[in-house]
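Scroll down for the structure; my scribbles are underneath it.
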Amino acid sequence: MTLTLAAAEKILADNFAPWVLDLGLAVESVEGQEAVLRLPWSDRLAREGGGLSGQALMAAADTATVIAVATARGGFVPMTTVQQSISFQRAVVGADVLVRARLTKAGKRMAFADITMTAEGTEETAAHATAVYALLG
């Protein structure tokens with residue numbers, strides 16, 4: 001079963017804490033075992049010095065992975081983050097971030113993801129994350 005953009009947006013709206021929804025994430029694309037979300041620039045998410053905060057990027061990576069798992073499964077299933085690691089490579093200032101979560105392995109009980117974050121308009125990686133999820137349903 002293929003997950004539509006509308007279904008992915010509904011999963012986003014229905015399954016995340018209000019503060020995550022306050023990030024303004026939007027689903028850009030879903031296909032196969034991959035999801036791309038847009039984290040819109042906001043001064044509210046900037047840290048001292050004007051760069052987008054690491055906390056916002058970590059939350060966006062985590063959220064994009066949930067949507068990637070749902071894409072691979074054809075819909076939302078209960079899951080929980082087991083591990084997430086991130087490397088910040090360059091600051092994002094005044095630009096939206098495209099968050100691409102790609103599952104590298106999707107089993108019955110575990111999913112592994114590679115997440116790349118780039119400032120819109122550039123191919124240079126701003127942050128790179130990996131995540132492991134336990135699938136509960």
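Excluded from the calculations below are hydrogen atoms, water molecules and symmetry mates; all remaining heavy atoms, backbone and side chain alike, are included. In this text the structure is predicted, and so the values were computed from the model without any measurement. Throughout, numbering of the chain's residues begins at 1 and tracks the sequence.
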Q) Do the charged groups of Arg38 and Glu120 touch, with an N to O distance under 4.0 Å? A) yes
Closest approach of [X] and [Y], non-hydrogen atoms and distance?
| X | Y | answer |
| --- | --- | --- |
| Ala60 | Leu25 | CB-CD2, 4.0 Å |
| Arg47 | Ala91 | NH2-CB, 4.1 Å |
| Ala129 | Ala61 | CB-CB, 4.2 Å |
| Ala8 | Val30 | CB-CG1, 3.9 Å |
| Leu103 | Ala72 | CD1-CB, 3.7 Å |
| Val92 | Ala119 | CG1-CB, 4.1 Å |

Q. Crowded around Glu123 CD? As in, over 12 foreign heavy atoms under 6.0 Å?
A. no
Q) Given Ile67, which of Val99, Leu37, Val36 fulfils the side chain to side chain contact (heavy atoms under 4.5 Å, CB included) condition? A) Leu37
In Å and rounded to the nearest 0.5 Å, what is the [atom1] to [atom2] distance from [X] to [Y]?
| X | Y | atom1 | atom2 | answer |
| --- | --- | --- | --- | --- |
| Asn15 | Leu21 | CG | CG | 9.5 Å |
| Glu34 | Ile115 | CD | CD1 | 11.0 Å |
| Leu5 | Glu31 | CG | CD | 10.5 Å |

Q. Please, which pairs that meet side-chain hydrogen bond (donor to acceptor under 3.5 Å, both in side chains) have at least one residue in residues 49-68, sequence neighbours excluded?
A. Asp62-Thr81, Asp62-Tyr133
Can you tell if the side chain of [X] reaches within under 4.5 Å of the side chain of [Y], non-hydrogen atoms only?
| X | Y | answer |
| --- | --- | --- |
| Phe88 | Met117 | no |
| Asp114 | His128 | yes |
| Arg102 | Gln33 | no |
| Phe76 | Asp14 | no |

Q: Kindly work out whether a path of hydrophobic side-chain contacts (I/L/V/M/F/W/Y, heavy atoms less than 4.5 Å apart) joins Leu136 to Val66.
A: no
Q. Given the rule that I, L, V, M, F, W and Y join up when any side-chain heavy atoms are under 4.5 Å apart, are Leu98 and Val20 in one cluster?
A. no
Q. Passes side chain to side chain contact (heavy atoms under 4.5 Å, CB included), Val97 versus Leu52? Steps please.
A. CA-CA 9 Å; Val97 176; Leu52 192 63; 3.6 Å; yes
Q) Can you check side chain to side chain contact (heavy atoms under 4.5 Å, CB included) on Arg73 and Leu135, steps first, answer last? A) CA-CA 10 Å; Arg73 290 288 180 111; Leu135 308 178; 2.9 Å; yes
Q.
I'd like to know whether Val77 forms a side chain to side chain contact (heavy atoms under 4.5 Å, CB included) with Met79, so could you lay out the CA-CA distance, the side-chain angles of the two residues, the decisive distance to 0.1 Å, and finally the verdict.
A. CA-CA 6 Å; Val77 296; Met79 65 188 91; 4.0 Å; yes
Q) After noting the C-alpha distance and the side-chain angles of Leu39 and Leu23, does the key distance pass the side chain to side chain contact (heavy atoms under 4.5 Å, CB included) rule? A) CA-CA 7 Å; Leu39 174 62; Leu23 293 172; 4.0 Å; yes
Q.
Quick one: does any side-chain atom of Thr122 pair with a main-chain N or O of Glu124 as donor and acceptor, under 3.5 Å?
A. yes
(Q) Through direct or indirect side-chain contacts below 4.5 angstrom among Ile, Leu, Val, Met, Phe, Trp and Tyr, which residues connect to Val132? (A) Val82, Met110, Phe112
